[in-house]
Amino acid sequence: MVGFGFDVHRLAEGESLVLGGVEIPSPLGTVAHSDGDVMFHALVDALLGALALGDIGEHFPDTDPKWKGAPSSAFVEHAVALVKEQQCRIVNIDCTLVLESPKILPFKQTMRENIARLCDLPLERVAVKATTSERIGYVGRREGVHAYVICEVQPA
Ligand code: MG
């Protein structure tokens, strides 16, 4: 089964920028109820999507104080546990970040390692890619950041 996830968060001054579990030095960070890790949020939706288990908003409502301030890695861990509960395993994960700045290259490897560890996958089954929006649209104006994630899940 294939799962797809997408997320977007607004960017604002004075917020932290956490992507793929890595805190990235940046004058702009994501505005969010949680740590605003768009990559992990898209990853959760991809994992849930592969098994038609709903979406991140259903599992982690922002009205639930249980998840307030929770690192998004906790959402990923929960989604991975749901995949295992369904007697399935993750085959691979492919992520694309779209943001104008800063450059993501120095952080990609750590993001891959974080995802591989959380999803119990070898590093070579986790791809992290990044691109800009060529200064076009709200991502290009640094008003927001996008993440897209696709994954394959199979019966264990
Ligand atoms: Mg989100």
Side-chain angles (χ1 to χ4, degrees), residues 1-85 90 92-105 107-108 110-121 126-133 136-153:
M1 293 81 77
V2 170
F4 172 74
F6 167 76
D7 195 27
V8 55
H9 276 268
R10 275 193 303 123
L11 290 170
E13 285 181 13
E15 303 283 348
S16 60
L17 183 65
V18 180
L19 298 170
V22 182
E23 184 152 2
I24 295 171
S26 167
L28 299 173
T30 50
V31 179
H33 177 75
S34 64
D35 60 12
D37 192 328
V38 280
M39 194 177 209
F40 278 179
H41 296 179
L43 171 57
V44 167
D45 262 356
L47 294 171
L48 296 173
L51 294 167
L53 292 173
D55 64 33
I56 191 168
E58 292 170 43
H59 287 268
F60 313 101
D62 60 13
T63 50
D64 187 343
K66 182 181 168 188
W67 300 108
K68 188 164 174 58
S72 296
S73 57
F75 305 161
V76 176
E77 282 169 349
H78 185 77
V80 171
L82 290 173
V83 169
K84 287 181 179 165
E85 256 175 43
I90 303 163
N92 75 306
I93 292 167
D94 183 12
C95 311
T96 300
L97 276 170
V98 190
L99 81 168
E100 208 57 34
S101 67
K103 290 280 177 236
I104 293 304
L105 183 63
F107 309 103
K108 276 186 189 168
T110 310
M111 292 175 185
R112 287 179 72 204
E113 288 166 4
N114 287 344
I115 293 167
R117 185 182 67 253
L118 289 166
C119 295
D120 200 14
L121 278 174
V126 179
V128 171
K129 314 187 303 293
T131 184
T132 72
S133 187
I136 297 165
Y138 64 85
V139 172
R141 291 190 298 271
R142 302 180 189 184
E143 292 168 8
V145 51
H146 285 172
Y148 302 86
V149 175
I150 192 165
C151 68
E152 186 181 349
V153 171

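We count ligands from 1, going down the list as the structure has it; atoms in each ligand are counted the same way.
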Sequence neighbours excluded and cut-off under 3.5 Å, please list the side-chain donor-acceptor pairs for residues 34-54, or say none.
from  : atom 1 : to    : atom 2 : distance (Å)
Ser34 : OG     : Gly36 : N      : 3.2
Ser34 : OG     : His41 : NE2    : 3.3
Asp35 : OD1    : Asp37 : N      : 3.2
Asp35 : OD1    : Ser72 : OG     : 2.4
Asp35 : OD2    : Ser72 : N      : 2.9
Asp37 : OD1    : Gly20 : N      : 2.9
Asp37 : OD1    : Met39 : N      : 3.2
Asp37 : OD1    : Phe40 : N      : 3.2
Asp37 : OD2    : Gly20 : N      : 3.1
Asp37 : OD2    : Gly21 : N      : 2.7
His41 : ND1    : Asp7  : OD2    : 3.1
His41 : ND1    : His9  : NE2    : 3.3
His41 : NE2    : Ser72 : OG     : 2.8
Asp45 : OD1    : Ile56 : N      : 2.8

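- A heavy-atom distance below 4.5 Å is found between the side chains of Val98 and Tyr148.
- For the Mg ion (ligand 1), protein N, O or S atoms under 2.8 Å: 3 in total.
- More than 12 heavy atoms of other residues, nucleotides or ligands sit less than 6.0 Å from atom CD of Glu58.
- Taking Arg10 as the reference, nothing meets the salt bridge (Lys or Arg N to Asp or Glu O under 4.0 Å) condition, with sequence neighbours excluded.
- Under the rule for a side chain to side chain donor-acceptor pair (under 3.5 Å), the partners of Thr96 that lie at least two apart in sequence or sit in another chain are Lys129.
- At distances below 3.5 Å, not a single donor-acceptor pair connects side-chain atoms of Glu100 with backbone N or O atoms of Arg141.
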